[in-house]
Student: 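Shown below is the structure under consideration.
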Amino acid sequence: MPAVSKGDGMRGLAVFISDIRNCKSKEAEIKRINKELANIRSKFKGDKALDGYSKKKYVCKLLFIFLLGHDIDFGHMEAVNLLSSNKYTEKQIGYLFISVLVNSNSELIRLINNAIKNDLSSRNPTFMCLALHCIANVGSREMAEAFASEIPRILVAGDTMDSVKQSAALCLLRLYKTSPDLVLMGEWTSRVVHLLNDQHMGVVTAAISLITCLSQKNPDEFKTCVSLAVSRLSRIVSSASTDLQDYTYYFVPAPWLSCKLLRLLQCYPPPEDGAVKGRLVECLETILNKAQEPPKSKKVQHSNAKNAILFEAISLIIHYDSEPNLLVRACNQLGQFLQHRETNLRYLALESMCTLASSEFSHEAVKTHIETVINALKTERDVSVRQRAADLLYAMCDRSNAKQIVAEMLSYLETADYSIREEMVLKVAILAEKYAVDYSWYVDTILNLIRIAGDYVSEEVWYRVIQIVINRDDVQGYAAKTVFEALQAPACHENMVKVGGYILGEFGNLIAGDPRSSPLVQFNLLHSKFHLCSVPTRALLLSAYIKFINLFPETKVTIQEVLRCDSQIRNSDVELQQRAVEYLKLSSIASTDVLATVLEEMPPFPERESSILAKLKKKKGPGAVSVTELEDSKREGGELNGGADRGPDTSALAASNASTPSPSADLLGIRSAAPINVAPVSAGSLLVDVFSEAGPAAPSAAVNDDGFLRFVCKNNGVLFENQLLQIGIKSEYRQNLGRMYLFYGNKTSVQFASFTTTVSYPGELQSHILSALKPPNLQMR
Amino acid sequence: MNGDTSAPPANQDAGSRPALSRGGGVAWPVSSQRNTTVVHIKVSRSSSLVVVVVDDDVFLISSFQMQFMLLFSRQGKLRLQKWYVPLSDKEKKKITRELVQTVLARKPKMCSFLEWRDLKVVYKRYASLYFCCAIEEQDNELITLEIIHRYVELLDKYFGSVCELDIIFNFEKAYFILDEFLLGGEAQETSKKNVLKAIEQADLLQENIDFQMRLFAASRSSVGVMTAYEDLLLLRSSTRCM
């Protein structure tokens, strides 16, 4: 193993690298580097033109210095010069330099693009590959503009060499990802699909990646790839290990190719053609069968490759969600992996099962593994595995096992990693609310949550418990009692004080009969925590105190004393001071009737989507909420109480909510509606509105009548929404000109056929308005 | 200068994904010339979408993407960094620093996958080097593990029992080999033989040119010519030995 460069060894470079390695300290290293930089700078500026070899050597040194972590601000010109050299290694170093140190100087970009163009048209496959690699590595917009039309031609030309085709396919993919508008579909698309039948496996491998990405946007153009992919896949899966020769990896035939084919198939719904579908199902069954066979090799690479295919096949089965037999088999296979020796497999099994849990066919099958999962949660040493187990428990939770799961999650929470606590808290809160048959259990759970992980209990969680307690008469007494007991703990989390203060303020009368929780006792309990709390909590407590005065006239004097003292009415915080002063006055001058009216019990909160759910979605994406959950909430509809913060910005939230899903829309459909309302960069605020405020959703049925009025003062938002369609408006007005966009979002999982729109204008406006309909450019499956 | 045209706007917390990316959309301009924004949307736990908005057009791009590959030693020194998504230098440094720390803190028996920010990280240690790939939610972890293994096999075959020193002193070769195997984060050629053949061809190409030059230079004396031929034969046979 040579420690010095092979082949075209650059001695100087090797020496330089040795010097750096031998530097004893950071300062020595920097000194040596600066010395070299000065040397290189002088050489570059020097009168003598450098020969190719030296240039290459210095550019390589600069690259090395950059990769060490130091900034380089010269050398680009020389690197670009290297590109025009005829020597392969010089070109190579030049390309490497410019793809690592990307430069936005337009002159350099022009030169680089020229060099690339020359190499692409050179007919020398090695040079062409170099150029294509560079484009794929940099993928800048300027390169896309220059080459996006050229590369498809190279890709499908008959005389292109296989190695060049491979690189061209992936290069095009990269360009498409960064500048999709510049890669136009054309004649080449059908020929690209036929690359799937190419005899060179490398070409097929590269082409699949390209097609997978392109078909997301243009599923129709590429839909012929499905049957080709299926036949290719079944050929590979049924091949003997000697057939594919160098593409066999540790006795597994073409694992990367298989995985990519399976991934491509996940971009399309199940094939309609019976024969194709049959073949595919057969394929999947073969893959599942192979998993049961004894391994052909003890090496971990063999099992990894085999299982990679298996997991991808399971993903496909889950995606189709239509073959109960396969789903159950997949579930059983994963169940076996749950207890495998290898941690990796246990981790992946837990992960895959999460998605399985949301399918109605396999939900029950998943639930049978609950004990194993709970055990994993308790005993796994790897925190990532434990976390997956927690996720799976959340996904598989339903009425039958909710209590058990919530209990397990609570005990896990006590020792969980800090980084995941907030998410866990939200999940426990959601589960507790969703599956609570007995709301006293719910109250207990939330209070436990606050006790265990108070710091991570966000506002939404404790707002929610209060909303529920307010809305449900039967649990109010229990809540008051429990909260009272919880507050007696010596070290009590501030959130507990908040909840306690509010609940006692509203319902303290329900437990006031018992001498142990008489009004004065309650007040003293609360007030003992007063000085430990932050300002917002104290504000809440002051409100609770005035409520006490209303509920328990016997406490009036004591409380007034407290309100009257300097630390309240002269408090430096404006809010506290104001409250103290006003409450004091209110309690002194108002008659009991007036007081009772002012401080009447809180009315029930209006029912809306749980803000906790919204917050969890915001954290993790709406799929974190399992489909079962959404369906349940659709059925239960108004049973649960919801409500966003009752602050003054609620209406703004509702108005700006352009795409929060209504419970009845399917997951993928939800997000397909979302991008429609995405506006160009200039309306950055719209993006914020759409995506960061997952506020309460409009109920699925109605036209938003009040939504219409909203547009008097708002420019953007949802005009109409039902189960099938969402119509959003975005408008901008400048002086006497206005522009209005109407976006139609398809919320179903099928395509609309013959979708037409008509816009009618009242009277005179007809002549003032130009309208244009853009063809639907977004089709989601 | 060294900046990307695709860096997030300066006022964002450089180096970390802007907060909107958790379940919301991340938007940053990919080009200063056009109104282009790339938005990453988390659809569900196991899938996210990339939406590119150019002026008024919206493009949906699936998000299977290896984001980057890092090789670093047990002391945390970076030996190779390959980025498949546009990021500013500052972000790259931050990501590197944080990820290296996270991976180095893992114990030996732990599984090879971890969730980091909103990516999945697949890593494996070979002797003194950690090979680390960051992939997106929809990608297949096990196959990525085998991508890493295949890359190590390629290096091994090329250098003959590769060790960290080889990668340090021949860093440019490590990049070239990687490019022949993975392009844009996707495997392009999964036959070991073909990848190595491509690299060898390039080496040979260089030799031929060198050889011809030396031949020319040595054509004055016959001894020189013979030496040139012998050298070439030696070089050729050592290359074939791999």
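Chain naming here is simple, since letters A, B, ... match the order of the sequence lines and numbering starts at 1 in each. Computed from heavy atoms alone, side chains included, the values below leave out hydrogens, waters and symmetry copies.
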Student: Measure distances from B/Lys124 to the heavy atoms of chain A and classify the residue's part below 4.5 Å as side chain, backbone, both or neither.
Tutor: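 Answer is side chain: those atoms of B/Lys124 sit under 4.5 Å from chain A.
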
Student: Within a strict 4.5 Å, meaning less than it, do heavy atoms of the B/Leu142 and A/Leu345 side chains meet?
Tutor: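 Yes, side chains in contact.
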
Student: For chain B, which of A/Ile93, A/Val385, A/Leu348 has the most heavy-atom pairs under 4.5 Å?
Tutor: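 Top count of heavy-atom pairs under 4.5 Å with chain B: A/Leu348.
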
Student: State, yes or no, whether a side-chain contact exists between A/Phe311 and B/Glu141 at a heavy-atom distance under 4.5 Å.
Tutor: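 Side chain of A/Phe311 against side chain of B/Glu141, heavy atoms only: no contact under 4.5 Å found.
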
Student: Mind listing the closest non-hydrogen atom pair of B/Glu186 and A/Ser209 along with its distance?
Tutor: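 Between these two residues, the closest heavy atoms are OE1-OG, 2.9 Å.
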
Student: Where does B/Glu164 contact chain A at under 4.5 Å (heavy atoms): side chain, backbone, both or neither?
Tutor: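 No part of it gets close to chain A.
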
Student: Hey, could you give me the CZ/CG distance between B/Phe171 and A/Leu13, rounded to the nearest 0.5 Å?
Tutor: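 Nearest 0.5 Å value for the CZ-CG distance: 5.5 Å.
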
Student: With a 4.5 Å cut-off on side-chain heavy atoms, are B/Leu145 and A/Asn344 touching?
Tutor: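 Heavy-atom side-chain distance check passes, below 4.5 Å.
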
Student: Determine the option with the most heavy-atom pairs under 4.5 angstrom with chain A, choosing from B/Ile147, B/Leu114, B/Leu78, B/Thr144.
Tutor: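 Greatest number of close heavy-atom pairs with chain A: B/Ile147.
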
Student: Write down the atom of B/Phe169, the atom of A/Ala14, and the distance for their closest heavy-atom approach.
Tutor: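 Smallest heavy-atom distance, with atoms named: CE2-O, 3.3 Å.
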
Student: Of all residues at least two apart in sequence or in a different chain, which pass the salt bridge (Lys or Arg N to Asp or Glu O under 4.0 Å) check with B/Lys193?
Tutor: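 Result, salt bridge (Lys or Arg N to Asp or Glu O under 4.0 Å) vs B/Lys193: none returned.
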
Student: What pair of heavy atoms forms the shortest contact from A/Ala308 to B/Asn140, and how long is it?
Tutor: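 In this case the closest contact between A/Ala308 and B/Asn140 is O-ND2, 3.0 Å.
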
Student: Identify which part of B/Phe113 has an atom lying under 4.5 Å from any heavy atom of chain A, answering side chain, backbone, both or neither.
Tutor: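 When you check distances to chain A, atoms from both the backbone and side chain of B/Phe113 fall under 4.5 Å.
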
Student: Any side-chain heavy atom of B/Asp89 sitting closer than 4.5 Å to one from A/Phe66?
Tutor: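 A side-chain contact under 4.5 Å exists here.
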
Student: Kindly give the heavy-atom pair with the smallest separation between B/Glu189 and A/Gly202, and that separation in Å.
Tutor: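 Reported closest heavy-atom pair: OE1-CA, 3.9 Å.
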
Student: Let's test your reading of the structure: which of A/Arg263, A/Glu312, A/Glu342, A/His200 forms the most heavy-atom pairs below 4.5 Å with chain B?
Tutor: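 So the answer, after comparing A/Arg263, A/Glu312, A/Glu342, A/His200, is A/Arg263.
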
Student: Starting at NE2 of A/His133, measure out to CG of B/Leu182 and round the result to the nearest 0.5 Å.
Tutor: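 Answer rounded to 0.5 Å: 10.5 Å.
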
Student: Are the side chains of B/Gln188 and A/Leu173 in touch, meaning some heavy atoms are under 4.5 Å apart?
Tutor: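 When only atoms from C-beta onward are counted, A/Leu173 and B/Gln188 do not touch, as no gap falls below 4.5 Å.
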
Student: Out of A/Cys171, A/Ser99, A/Ser167, A/Ser215, which one racks up the most heavy-atom pairs below 4.5 Å with chain B?
Tutor: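 Answer, by heavy-atom pair count under 4.5 Å with chain B: A/Ser167.
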
Student: Output the distance between atom CD (B/Glu146) and atom CG (A/Asn307), rounded to the nearest 0.5 Å.
Tutor: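 If I round to the nearest 0.5 Å, the distance is 10.0 Å.
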
Student: In the structure I gave you, are the side-chain heavy atoms of A/Leu63 and B/Tyr175 within less than 4.5 Å of one another anywhere?
Tutor: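 No; the side chains remain at least 4.5 Å from each other.
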
Student: Let me confirm one number: the CG-CZ distance from B/Leu165 to A/Arg21, rounded to the nearest 0.5 Å.
Tutor: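 Reported value, rounded in 0.5 Å steps: 5.0 Å.
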
Student: Got a second to check how far B/Gln65's CD is from A/Cys213's SG, nearest 0.5 Å?
Tutor: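 Those atoms lie 9.0 Å apart.
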
Student: Where does B/Gln81 contact chain A at under 4.5 Å (heavy atoms): side chain, backbone, both or neither?
Tutor: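 For B/Gln81, the side chain is the part near chain A, not the backbone.
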
Student: When rounded to the nearest 0.5 angstrom, what is the spacing between CZ in B/Arg79 and CG in A/Leu67?
Tutor: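 So the gap between those two atoms works out to 11.5 Å.
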
Student: What part of A/Cys259 gets within 4.5 angstrom of chain B, counting heavy atoms only: side chain, backbone, both, or neither?
Tutor: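 Contact with chain B: side chain only.
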
Student: Ignoring hydrogens, what is the shortest heavy-atom contact between B/Ser191 and A/Tyr247? Give both atom names and the distance.
Tutor: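 Looking at all heavy atoms of both residues, the shortest contact is CB-CZ, 3.5 Å.
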
Student: Write down the atom of B/Ile168, the atom of A/Phe64, and the distance for their closest heavy-atom approach.
Tutor: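 For B/Ile168 and A/Phe64, the tightest heavy-atom pair comes out as O-CE1, 4.3 Å.
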
Student: Checking salt bridge (Lys or Arg N to Asp or Glu O under 4.0 Å) against A/Asp382, which of B/Lys109, B/Arg106, B/Lys107 comes through?
Tutor: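 Result for salt bridge (Lys or Arg N to Asp or Glu O under 4.0 Å) with A/Asp382: B/Arg106.
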
Student: Who are the side-chain contact (heavy atoms from CB on, under 4.5 Å) partners of A/Thr205, not counting sequence neighbours?
Tutor: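 If we apply the side-chain contact (heavy atoms from CB on, under 4.5 Å) test to A/Thr205, skipping adjacent residues, the hits are A/Leu257, A/Lys260, B/Thr190.
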
Student: Side chain, backbone, both or neither: which part of B/Leu80 has a heavy atom under 4.5 Å from chain A?
Tutor: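 No part of it gets close to chain A.
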
Student: Given side chains that start at C-beta, do those of A/Lys177 and B/Tyr84 come closer than 4.5 Å, heavy atoms only?
Tutor: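 Sidechains of B/Tyr84 and A/Lys177: no contact.
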
Student: Among A/Arg381, A/Arg346, A/Glu351, which has the most heavy-atom pairs under 4.5 Å with chain B?
Tutor: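 Winner by heavy-atom pair count: A/Glu351.
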
